[in-house]
Visitor: 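Dropping a structure here in structure tokens format, bear with me for questions.
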Amino acid sequence: EVAFGLENLCLPEAEIEERVNHWLARFELEAVRDQANNTLSGGQKQRLMLASILAMGPRLLLLDEPLAQLDAAGVAELLDELDRLRATGLIVVVAEHRLDELLRRADRLLILAGGRIISDSSSKGAEATAALVQADLAPPTPQPVFIARSTAPSSAEFIVRINGLTFRWPGKAEALWSDVRFDIHPGECVALVGPNGSGKTTLLSALAGLLRPAAGQVEWSEAPRGSSSIGLTPQNPDLALFCRTVGEELAFGPQQLNLPASEIEQRVSQAAEALSIDDLLDQAPLALSQGQRLRVAVAAALTLHPRLLLLDEPSTGQDPRHVGRLLTAVRGYVASGDVGAVLFSTHDPRLVERYATRVLAVAEGKLLADCAPVVLFANEGLLSRAGLRATSRRLQSTTAPVARLARPPR
């Protein structure tokens, strides 16, 4: 991948090899040099794409949401790298929703809203702050939506039970993660966190039945009539979109459940309004923006009324207002019982703080912790190992216990 652009520039073979080695090292990709691209994590793919572009020595670098799927360490490393590149004269333009870290380093802030540039200013002034608020781009003040629990519910009822799950890629001797054990109970909103490459997407795919684990079991409780066991929105929403219109996309799942036409119509209308896509029902899904496509994919999963909704990086392509509305809508479905529970992966600590009742941290080849958000944010060592940074208004708890590690075998 890194060599491809250099070969098209007709560079000498020795120079191509030197640049490939240099940029793989700069983005810490040497260990996966011979690995197939489709086996990399979302964050690793982003770093690989940047390495392949920067290896060609461009004068202008345009980045579309480069932070969306990076963990805290990856964000810091990328921004440090961009600072070094800017010092060499490279011009960098970044379109981004994760502004906390970026604004401290940017020279200028351009805000696009209503089809025009509404502000062009220094990123550090009061004018920029006012413009962010006007454009609904300022993050809301974090306020926990759920009562945080330090342990899973005591009820024996579960939606899914994970028993000793282990996964390894074909041809790999070492497991990506092993002996993973946890239950998910009705009414829970569980955040799945971990550094890039730790296997969050792989775990969600294993739960959805898309990947076969090397060992262990996934045990499901019976889904009620008119519901599916699982609904999945992948990291790339385009993988879940295949119908001619948004309305047909939302209706497809309920149709497969053989529901009456009146109920299908009601589910489509409810999900479209909840996800702010009710004005897009006649549009072609793949002609929409990335954020709109993600909301369509989530809405299509919600119309299934799944026992467990799996969301892989639901903040991708979303501004703070739409992320909040999306997860608030999901929370409403869980509260009403139309969705049994939700498990979402994220690198954004604000989403964990605001929406999760519980956190699963996958890192270092295992389920590192299963705890309440307040416990995670009170343990800086665990927070760092999980690939997160504290939010601007950290949840404070001087007496919070050390995070409970994964439950021992029953």
Visitor: Going from CG on L310 to CG on L204, what distance comes out if it is rounded to the nearest 0.5 angstrom?
Guide: 5.5 Å

Visitor: Roughly how far, to the nearest 0.5 Å, is the CD atom of E7 from the CE atom of M56?
Guide: 12.0 Å

Visitor: Is there a donor-acceptor contact under 3.5 Å from the side chain of K200 to the main chain of G194?
Guide: yes

Visitor: Give the minimum heavy-atom separation between A251 and I264, together with the two atoms involved.
Guide: CB-CG2, 3.9 Å

Visitor: List the steps, then state whether side-chain contact (heavy atoms from CB on, under 4.5 Å) holds for L63 with V93.
Guide: CA-CA 6 Å; L63 301 177; V93 179; over 6 Å; no

Visitor: Quick one about T245 and D282 (side-chain donor to acceptor, distance below 3.5 Å, no hydrogens or angles considered), yes or no?
Guide: no

Visitor: Would you check if H305 and Y333 make a side-chain contact, meaning some heavy-atom pair closer than 4.5 Å?
Guide: yes

Visitor: Looking at R105 and D83, is any side-chain nitrogen of the basic one under 4.0 Å from a carboxylate oxygen of the acidic one?
Guide: yes

Visitor: Compare every heavy atom of S228 with every heavy atom of L257, then report the nearest pair and how far apart it is.
Guide: CD1-N, 4.4 Å

Visitor: Got V323 and H97 here, is their nearest side-chain heavy-atom distance under 4.5 Å?
Guide: no

Visitor: With the side chain counted from C-beta on, respond yes when V94 and L67 share a heavy-atom pair under 4.5 Å apart, and no when they do not.
Guide: no

Visitor: Checking R212 now: which residues fulfil salt bridge (Lys or Arg N to Asp or Glu O under 4.0 Å) with it, not counting sequence neighbours?
Guide: none

Visitor: Could you grab the distance from atom CG of L275 to atom CG of L326, nearest 0.5 Å is fine?
Guide: 5.0 Å

Visitor: Measure across R168 and K172 and return the closest heavy-atom pair with its distance rounded to 0.1 Å.
Guide: CD-O, 3.3 Å

Visitor: Only one of H185, R161, R307 passes side chain to side chain donor-acceptor pair (under 3.5 Å) with S221; say which it is.
Guide: R307

Visitor: Taking all atoms of both residues into account, what is the closest heavy-atom pair of L60 and L90, and its distance?
Guide: N-CD1, 3.7 Å

Visitor: Quick one: which residue pairs count as a side-chain hydrogen bond (donor to acceptor under 3.5 Å, both in side chains) with a foot in residues 286-295, not counting sequence neighbours?
Guide: D238-R293, S289-Q292, R295-Q318

Visitor: Check the pair L343 / V160 against side-chain contact (heavy atoms from CB on, under 4.5 Å), numbers first and verdict last.
Guide: CA-CA 11 Å; L343 174 63; V160 62; over 6 Å; no

Visitor: Can Y355 and F344 be said to form a ring-ring contact (aromatic ring centres under 6.0 Å, His included), step by step?
Guide: CA-CA 10 Å; Y355 297 103; F344 69 95; 7.5 Å; no

Visitor: What pairs with N236 under side chain to side chain donor-acceptor pair (under 3.5 Å), at least two apart in sequence or on another chain?
Guide: none

Visitor: Quick check: do V193 and L360 have side-chain heavy atoms less than 4.5 Å from each other?
Guide: no

Visitor: Between L368 and K366, is the side-chain contact (heavy atoms from CB on, under 4.5 Å) condition met? List the steps.
Guide: CA-CA 6 Å; L368 191 65; K366 60 186 176 182; 3.7 Å; yes

Visitor: For E18, I'd like to know if atom CD has over 12 heavy atoms of other residues, nucleotides or ligands within 6.0 Å.
Guide: no

Visitor: For a quick test of reading the model, state the closest non-hydrogen atom pair linking G164 to D179 and the distance between them.
Guide: CA-OD1, 3.3 Å

Visitor: Is the closest side-chain heavy-atom distance between W220 and I230 below 4.5 Å?
Guide: yes

Visitor: What heavy-atom pair brings T201 and Q235 nearest, and what distance separates the two atoms?
Guide: OG1-NE2, 3.4 Å

Visitor: Where does the angle between the aromatic ring planes of F167 and W177 fall among parallel (under 30°), tilted (30 to 60°) and perpendicular (over 60°)?
Guide: tilted

Visitor: Side-chain contact, heavy-atom cut-off 4.5 Å: R47 with L70?
Guide: yes

Visitor: Donor-acceptor check, side chain of D71 to backbone of N196, threshold 3.5 angstrom: yes or no?
Guide: yes

Visitor: Can you tell me how far CD of E77 sits from CZ of R26, rounded to the nearest 0.5 angstrom?
Guide: 11.5 Å

Visitor: Using side-chain contact (heavy atoms from CB on, under 4.5 Å), reason through Q283 and L288 one step at a time and then give a plain yes or no.
Guide: CA-CA 8 Å; Q283 300 291 314; L288 304 176; 3.9 Å; yes

Visitor: For the pair E30 and R33, find out whether any cationic side-chain nitrogen is under 4.0 Å from an anionic carboxylate oxygen.
Guide: no

Visitor: So which of T357, V330, L308 actually passes side chain to side chain contact (heavy atoms under 4.5 Å, CB included) with V342?
Guide: V330

Visitor: To the nearest 0.5 Å, tell me how far L50 CG sits from L48 CG.
Guide: 9.0 Å

Visitor: Quick check: does any side chain N or O of E249 sit under 3.5 Å from a backbone N or O of F242, one acting as donor and the other as acceptor?
Guide: yes

Visitor: Atom CG in L304, atom CZ in R267: separation rounded to 0.5 Å?
Guide: 7.5 Å

Visitor: Side chains of V180 and V362: does their closest heavy-atom pair fall under 4.5 Å?
Guide: no

Visitor: Tell me, yes or no, whether the heavy-atom count around Q256 atom CD, taken from other residues, nucleotides or ligands under 6.0 Å, exceeds 12.
Guide: yes

Visitor: Taking T88 for the side chain and L85 for the main chain, is one N or O donor matched with an acceptor at less than 3.5 Å?
Guide: yes

Visitor: Using side-chain heavy atoms (C-beta onward) and a distance below 4.5 Å, is W169 in contact with L211?
Guide: yes

